[in-house]
Amino acid sequence: RPVVDTRRYLVVSCVLLVAPCAARELAAQRPAATVTVDMALVERGRKLFSEKQCNTCHTIGRGKAAGPDLKNVTSRRSLDWIRRMIRTPEVMLLEDSVAQALRGQHNGIPMPNMEVGAEEVEALIHFIASKSDR
């Protein structure tokens, strides 16, 4: 029977389990490339922000409410992270420590899935970017 170094086995196992999660979290912290605001998308995003009642929990430049203030979010998070948070917040809240920390900072209130499509997400991002300082 081969001798197993249990400590080494545990360290390697932890690294293999934690590394992919840590890589995703680091990617979330990388700011997005500059969003070149498309005014047609801005208008659509403005309407969606109201229709989907995003403004119930979020402000853009007026401080945090039930959810975080979204001003300059594209400077703080990657576009991929923002897209995933808008499209599948329930998955992000299970898998992403940044999303979990944000939930903790906002009285544990989870972001609901607003069932928006990819084009709607882009419109929302353009609207938010248009209201942020660049």
Side-chain angles (χ1 to χ4, degrees):
R1 208 170 201 209
V3 176
V4 176
D5 182 349
T6 347
R7 287 173 295 173
R8 185 175 186 188
Y9 177 79
L10 288 172
V11 168
V12 170
S13 297
C14 288
V15 167
L16 291 174
L17 290 170
V18 172
C21 296
R24 275 195 308 270
E25 290 168 22
L26 286 175
Q29 298 304 322
R30 284 189 213 118
T34 302
V35 176
T36 304
V37 175
D38 178 326
M39 292 313 289
L41 288 175
V42 168
E43 183 55 27
R44 184 165 183 220
R46 184 188 63 73
K47 289 178 184 172
L48 282 167
F49 199 80
S50 178
E51 288 170 5
K52 294 290 183 175
Q53 299 180 348
C54 303
N55 53 2
T56 302
C57 295
H58 298 282
T59 69
I60 304 173
R62 292 191 340 242
K64 67 182 195 174
D69 187 335
L70 299 177
K71 185 171 183 167
N72 298 321
V73 70
T74 59
S75 300
R76 297 188 310 269
R77 306 280 179 253
S78 71
L79 286 176
D80 179 59
W81 189 93
I82 296 166
R83 287 178 183 119
R84 289 184 301 128
M85 192 65 199
I86 295 171
R87 295 270 329 256
T88 57
E90 69 283 2
V91 173
M92 290 291 282
L93 289 168
L94 288 174
E95 298 177 353
D96 187 270
S97 67
V98 174
Q100 292 165 359
L102 287 168
R103 179 181 175 177
Q105 293 167 13
H106 294 87
N107 301 320
I109 299 170
M111 179 167 160
N113 187 323
M114 301 308 289
E115 299 184 18
V116 293
E119 291 176 9
E120 292 173 316
V121 168
E122 295 310 308
L124 287 165
I125 289 171
H126 280 257
F127 171 66
I128 293 165
S130 77
K131 296 293 187 187
S132 299
D133 294 335
R134 295 261 132 216

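Numbers for residues simply follow the sequence, beginning at 1.
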TODO: Take Thr74 and Ile128 through the side-chain contact (heavy atoms from CB on, under 4.5 Å) test and state the conclusion after the steps.
DONE: CA-CA 8 Å; Thr74 59; Ile128 293 165; 5.6 Å; no
Open item on the list: For a side-chain contact (heavy atoms from CB on, under 4.5 Å) check, start with the C-alpha distance between His126 and Val35, then their side-chain angles and the critical distance, and finish with the verdict.
Closed with: CA-CA 7 Å; His126 280 257; Val35 176; 3.9 Å; yes
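Shown here are the side chain to side chain donor-acceptor pair (under 3.5 Å) partners of Glu122, two or more places apart in sequence or in another chain: Arg83. Residues forming a salt bridge (Lys or Arg N to Asp or Glu O under 4.0 Å) with Asp80 (at least two apart in sequence, or on another chain): Arg84. Partners of Arg87 by side chain to side chain donor-acceptor pair (under 3.5 Å), not counting sequence neighbours: none found. Scanning for side chain to side chain contact (heavy atoms under 4.5 Å, CB included) contacts around Gln53 gives Asn55, Thr56, with sequence neighbours left out. With sequence neighbours left out, the side chain to side chain donor-acceptor pair (under 3.5 Å) criterion links Arg44 to no other residue. Remark: Glu90 engages Asn113 in a side chain to side chain donor-acceptor pair (under 3.5 Å) (not counting sequence neighbours).
Within the structure, every pair that satisfies the ring-ring contact (aromatic ring centres under 6.0 Å, His included) test and touches residues 34-66, not counting sequence neighbours, is listed here: Phe49-Phe127.
Annotation: the span from Leu93 atom CG to Gln100 atom CD amounts to 7.0 Å, rounded to 0.5 Å. Taking CG of Leu70 as the reference point, atom CD1 of Ile86 lies at 8.0 Å (rounded to 0.5 Å). Taken to the nearest 0.5 Å, the CG atom of Leu124 stands 9.0 Å off from the NZ atom of Lys52. Residue Ile60 holds its CD1 atom at 7.5 Å from NZ of Lys131, rounded to the nearest 0.5 Å. The distance from the CD atom of Glu115 to the CD atom of Glu120 is 10.5 Å, given to the nearest 0.5 Å.
Trp81 and Leu94 fall into different hydrophobic clusters, defined by Ile, Leu, Val, Met, Phe, Trp and Tyr side-chain heavy atoms under 4.5 Å apart, directly or through other members. Taken together through direct or relayed side-chain contacts under 4.5 Å among Ile, Leu, Val, Met, Phe, Trp and Tyr, Ile82 and Val121 form part of one hydrophobic cluster. Residues Val73 and Leu41 are members of separate hydrophobic clusters, defined by side-chain heavy-atom contacts under 4.5 angstrom among Ile, Leu, Val, Met, Phe, Trp and Tyr.
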Scan the side chains in residues 102-112 for donor-acceptor partners under 3.5 Å anywhere in the protein, sequence neighbours excluded, and list what turns up.
from   : atom 1 : to     : atom 2 : distance (Å)
Arg103 : NE     : Gly108 : O      : 3.0
His106 : ND1    : Leu102 : O      : 2.7

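Within 6.0 Å of atom CD in Glu119, 12 or fewer heavy atoms from other residues, nucleotides or ligands are found, so the atom counts as exposed in its surroundings.
Between the side chain of Asn72 and the backbone N or O of Ser75 there is no donor-acceptor pair closer than 3.5 Å.
Shortest non-hydrogen contact noted between Asp69 and Gly61 is OD1-N, 2.7 Å.
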